[in-house]
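Only one structure is covered here, and it is reproduced in the block below.
Sequence lines set the chain letters: A, B, ... in the order given, protein chains first and strands last, and positions in each chain run from 1.
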Amino acid sequence: MSEKQKISLNVNGSNYEREIEPRTLLSDFIRQDIDLTGTHVGCEHGICGSCTVLLDGLPVRSCLTFAVQAEGRLVETVESLDSDGELSVLQNAFWEHQGLQCGFCTPGILMSMKAFLQENSSPSREEIRDALSGNLCRCTGYHDIVDAVVAAAAASQTGEADRT
Amino acid sequence: MKPANFDYYRATSLEHACELLSQHGDDAKILAGGQSLIAAMNFRLARPPVLIDISNIDGPNEIVDEDTGVRIKATTTQRTAEHSPSVRNRLPVLAAAIENIAHFQIRNKGTVGGSIVNADPASELPAMSVLLDAELQVISASGEQIIDAEDFFITYMTTALQSDEVVASVLFKEPPTNSGWGFHEIARRAGDFAMAGSAAIIALDSEAICTYASIALFGVAATPVRAKEAEAALVGKNVSDELFEKAALLVADVVEAESDVHASEEYRGNVARVLTVRALKDACDRSKAALGLGK
Amino acid sequence: MKEPIEIGGVTKHIGVARKRTEDPQILMGQAKYVDDIKIPGTLEVAFLRSTHAHARIVEIRSEVAKQHPDCHRLVTAQEFSAGATTFFPNTRGTLKPVVMPFIAKDKVRFVGEIIAVVVAPTRYIAEDIVDLIEVEYESLPAYSDVEDAMQNDATLIHEELGTNIYYSDSYTSGDVDKAFADADLVVSEKVATGRTSAAPMETRGVMATWGWDDTLTVWSSTQMPYPLRTSIAANLSIPEQIIRVVAPTVGGGFGQKAHFFPEEFILPWLAKEFKQPVKWIEDRREHLLSASHAKQCTIYMNIAFKSDGTMTGMKVKNIGDSGAYSQYPWSGLIESVAANNGAPGAFTFPTISFETVVCLTNKMSTGAYRGVGWSAGCYAREMVLTKAARLLGLDIVDLYRKNFIKADEFPYITATQQTYDSGDYHKVLDKCLELSNYTQLKSEPRKMSNGKLRGIGVAFFVEQTNWGSRSAAESGFPATLHDTTTVEMDPSGKVTIKSGQFSHGQGLKTTLAQVAAETLGVPFEDVKVVDGDTATGAYGMGTFASRSAVIGGGTVIRAANDVRNKLLKIAAHVMEANDQDLTIDEGKIYVKGSPERSMTVAEIAYITYFDRFTRPDEDEIEPTLSATRHYDPPAAYANGSHAVAIELDPETGLIDIKRIVAVEDCGNMINPKIVDGQMRGGASQGIGMGLLESLDYDESGQLKNASFMDFLIPNAMTLPDIECAHIVTPSPYTEGGFKGAGEAAMLSIHIALSNALADALSDHEGTLVPMVTPIGPQEVINLINNTNQPVPR
């Protein structure tokens, strides 16, 4: 039995201090230790992207990260997107365009796309597909997700909201 | 699956990591980006009793211009290298290769050094290190040495690194002036491990005679390989499509592919040749463009 | 058969592409899947799974594991030896009963089979303890090729059966031999379809607790909560009335989760036995190893043609690879029997004979997955058509037009006794050809200036939908399916739908509310759908086999109509009008033509509940505003067409899909946007099946690619936009005129893709038509080199 590690990190604007086994994956830490179950685990191979969170603003696979590696860092999950129940521009675009069906892959996609749109504010459909290729979806066939991201980019361009 | 237990140490610097390595010997593994290691640990295929974490050392990302090339600190993320102006301007083939590594979520965390030390023969970075005659700066508690990329890869997932050594930085040599590059890999889906890949650097003179050639293949043997016979068949000759086809036939000498669920060894060998021709053509076109020669 | 109810009022809600009610919760990360539900004190389960494909279990050494300080329980078949038999008593052929133990007893029959169960505080620790268990196996010959397992001298996988072939049937209609003797052309091919997994993004998961009041609650990521409840009661000898099964938000199912798995009995047993909450969440490796597989058939297809393209007869033998067991509850017949019963497709075959054989192998069991049986069966038929077309100097479209059932021939009884209700196949095909520019693309040269080859392929399908008892019987599965929905109006006039149907992504909380709002005349926002929980629902089989639009919609129409009629009778009394003269629209009840004299639904509801002086006498009209109705519809057959345009790199065998067109006729649509979603999702899975997905076992029965690294499902770059179009020919038989739509693409798009490949290679020597799925680069190169043999799997 190995020694537990103390970690402290910021998740969605709140500071957390916990003692955990170093082998605890960040995905499990988020879901079990701090009860944010919006981030989902689809494979633990680093392939499906359901577990994508932002680590210091960059999307990463939380299943391929030990929680101890997030020491002192900022983690953002899907729960950080809405404002007290008011959907963000990106979330709204997904709702309008049915960019989801069963919803399991959706949180990971939202986090990847949030970061992507911050770097590329008016992407082509092809660029969106390329950026999306690291998140697997089994229900939608991706078409409506691309529509949603196009709409979110357009809505942000016209300045309808200043948060994505 | 969930990983097995391990003792965890956080290194504050690469030197500190070396001290820890020499304390724990064969039991210890270095954790950098973890994109390969943690995946293997999640399958319980890898169960290192000790992990030394270098992912949070001071200033993990560092890219320095040197005379002969660009030196990338081993803990630099693939993303940082991909976007670095030094890399994009002086080593465009490296930038192109990194763009092909998995997906951007992986590159945000995976490191240049980590991928090279992982030594998966289907990976892009080990292949780029042999293509560009890289020098690996290897340190340990007892000293430092330089290992050339061509001596670094022993076999599948195995390098010349001793258990108390860490790669500190990689110097990728800049190709000759006015050379051109080509990079082709094929995979069943965008972002997958390559079934096979070929990268080439060609330098021409003003008469379109080849003065330099480097060809590296990945996914076709137990390590990334330089196709030296094919390179020799090009140097000193006037370039043409026919020459490229002939030279590409010689890559068969370095192809020792295996059959797996995606492709047979015959397929890989054949495709290695096809991709080499394409990489050579692209490299040639780029070199001609750099020299202002017409096609 | 009763006449369908005409939905009263304006079609305000049906055919509306409204946003889905369920989405905001999902988008905010608040929707709860099984693993998101936290119960204090829950222990986690990990399984020791067999590493051998076929072996006797000599000994299980678990003492060291049991001594681990955190080992709460360690269970083997010694402690829990229940199992299940999948057996349909009145099938056409001979079916032997195959027994599936929930925990392997004396032998293991596939890699991944459960041998032991560990209960511990966390999954991490449970896996540590599993690592400490040692198993001594005595290896037996293992079969990964079904035709090897069929041999007379093959080692028996289930000794008590005396054979590995546990089902066979045959059927003939018309003089097939004469048709073949008189034919101008006979094309015979062996077609081998690859093995795949539905692989929803949420793996399986089960949680179970035993309550203080001696009740059992089971959460499962299942498509069938009520039947699971019934099955748990039967298999664990627990009274059904104390069992509650909850399917919370389910992250995709596609038919794979419409089975009963050993884990769904082991976890409840643990909860009952040890009185502690227990949870098991499947990891992806377990999933690929031990959640039901699908699509693998070996089909010998023979079709007889006249030189003008008329098809005069079909002879087909379908060998189903059942895996180690007969997947519970649909059985291992699900692929081959469904395929053969649907063999004629859209065509007027005058004669047909089919033979079905289902045989055991040492692999995971085969079960239902979107397009069950038909994906493989249609592929075999259609690839033979494509080859025949080329040999006859025709296009596949010519064969289609020549042999289609015509629009005025419905209802049409096929050569296999299926009754197709309605359709206009020519119209649908023409629409697809027009949208895809088929004729134009066909006329362009195959070779492109960049060295690639272009190809365009088209395919047409007929899909049997709404699996009720009659559809199931028409496909060869004589079972009684039971579906109901309760519609309740509360004193405030708001409506709750308690359905036996529920979503795993289809948006039923939205579509069923649309149907209820339409039928009742209330605003959409006043309708709430509750589902997935047997404590608060109504008995139903669940959602699978494209049934919830018709059966969910149909039960809602019937029950809502009852409530509407009651409401109007009460309103008529209160408003002193004739109930035939009243109408309800947007929550207002008024005399037709005189909207100024109106009362609200809410007012009438309140009066019904609490004003005995104003409402009619309760002995005349009982003051209840709820109804539970049942619906077991006749089969309804949807149809459609796909076109796929590709660019092929002939040197690498890689296919780049440039364009996809999908045309669907699923009768009246409740929510066209949701139908589009089904068309697009189905297209993606169909492309996966046709291009990428293959679960590969080696000769010793080891699964070589039990991870998402090597088992490849489509990503966003694999396919382009999917352009959807709709034709509507309502079903004359179903409530609402609806037909199902979920499986469509799985009967057709992989065919269109292979046709595109054949088209791209049409200038090559030989008639190069693929006869396998998937068509990965290796298979394409084999085809180009004209080896054209199924790649050994």
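Annotation: the span from C/M201 atom CE to A/C102 atom SG amounts to 8.5 Å, rounded to 0.5 Å. Atom CD1 of C/I26 is separated from atom SG of A/C105 by 10.0 Å, given to the nearest 0.5 angstrom. Rounding to the nearest 0.5 angstrom, the gap separating the SG atom in A/C63 from the CZ atom in C/R284 is 11.5 Å. Expressed to the nearest 0.5 Å, how far SG of A/C43 lies from NE2 of C/H287 amounts to 11.5 Å. Atoms OG1 and CD, from C/T122 and A/Q32 in turn, are 9.0 Å apart once rounded to the nearest 0.5 Å. Taken to the nearest 0.5 Å, the OG1 atom of C/T718 stands 9.5 Å off from the CZ atom of A/R129.
Of the atoms belonging to C/T249, it is side-chain heavy atoms, and not backbone ones, that fall under 4.5 Å from chain A. If you measure heavy-atom distances from C/F708 to chain A, the contacts under 4.5 Å come from both the backbone and the side chain. In this structure, chain A has heavy atoms under 4.5 Å from both the backbone and the side chain of C/A199. Within the 4.5 angstrom heavy-atom criterion, no atom of C/L288 approaches chain A. For A/L25, the parts lying under 4.5 angstrom from a heavy atom of chain C are both the backbone and the side chain. Heavy atoms closer than 4.5 Å to chain C are found in both the backbone and the side chain of A/D35. Contact annotation for A/H45: both backbone and side-chain heavy atoms come within less than 4.5 Å of a heavy atom of chain C. For a residue to count as touching a neighbouring chain, one of its non-hydrogen atoms must lie under 4.5 Å from one of that chain's; by this rule A/T77 does not touch chain C. At a 4.5 Å heavy-atom cutoff, the contact between A/L132 and chain C is made by backbone and side-chain atoms alike. Of the atoms belonging to A/S133, heavy atoms from both backbone and side chain fall under 4.5 Å from chain C.
The candidate with the highest count of non-hydrogen atom pairs below 4.5 Å against chain A, out of C/R680, C/R285, C/E282, is C/R680. Across A/T24, A/I47, A/V41, the residue that shares the most heavy-atom pairs under 4.5 angstrom with chain C is A/I47. Interface summary for chain A: among C/P200, C/A198, C/A31, the most heavy-atom pairs under 4.5 angstrom belong to C/A198. Between chain A and the options C/A716, C/G681, C/P720, the largest number of non-hydrogen pairs under 4.5 Å is found for C/A716. In terms of heavy-atom pairs under 4.5 angstrom with chain A, the leader among C/S707, C/A745, C/S503 is C/S707. Across A/G103, A/A131, A/G38, the residue that shares the most heavy-atom pairs under 4.5 angstrom with chain C is A/G103. The candidate from A/E126, A/H40, A/E79 with the greatest count of non-hydrogen atom pairs under 4.5 Å with chain C is A/H40. Here C/G505 is the residue among C/G253, C/G505, C/G507, C/G29 with the most heavy-atom pairs under 4.5 Å with chain A. For the set C/K38, C/E22, C/Q30, the entry with the most heavy-atom pairs within less than 4.5 Å of chain A is C/K38.
A/T37 and C/K32 get closest at one heavy-atom pair: OG1-NZ, 3.5 Å. In terms of heavy atoms, A/W95 sits closest to C/D23 at CD1-CB, 3.3 Å. Closest of all the heavy-atom pairs between A/R138 and C/S197 is NH2-O, 3.2 Å. In terms of heavy-atom proximity, C/S684 sits nearest to A/G141 at CB-CA, 3.5 Å. Taking every heavy atom of both residues into account, C/M28 and A/G85 meet most closely at SD-CA, 3.7 Å. Between C/Y33 and A/F104 the shortest heavy-atom distance is OH-N, 3.3 Å.
In this structure a side-chain-to-backbone donor-acceptor pair under 3.5 Å is present from A/R31 to C/D35. In this structure, C/R20 contributes its side chain and A/Q101 its backbone to a donor-acceptor pair below 3.5 Å. A donor-acceptor pair is defined here as one N or O able to donate and one able to accept, closer than 3.5 Å; such a pair exists between the side chain of A/Q91 and the backbone of C/L27. Proximity of a side-chain donor or acceptor of A/Y142 to a complementary backbone N or O of C/P714 within less than 3.5 Å is detected. A/E44 contributes no side-chain N or O that, together with a main-chain N or O of C/D283, makes up a donor-acceptor pair within less than 3.5 Å.
In this structure, C/E127 does not pair ionically with A/R23, as no charged nitrogen and carboxylate oxygen lie closer than 4.0 Å.
Counting only heavy atoms from C-beta outward, the side chains of C/M717 and A/D130 approach each other to under 4.5 Å.
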TODO: Walk me through it: do A/H143 and C/L719 pass the test side chain to side chain contact (heavy atoms under 4.5 Å, CB included)?
DONE: CA-CA 9 Å; A/H143 181 130; C/L719 57 170; over 6 Å; no
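A 6.0 Å sphere centred on CZ of C/R659 holds more than 12 heavy atoms belonging to other residues, nucleotides or ligands.
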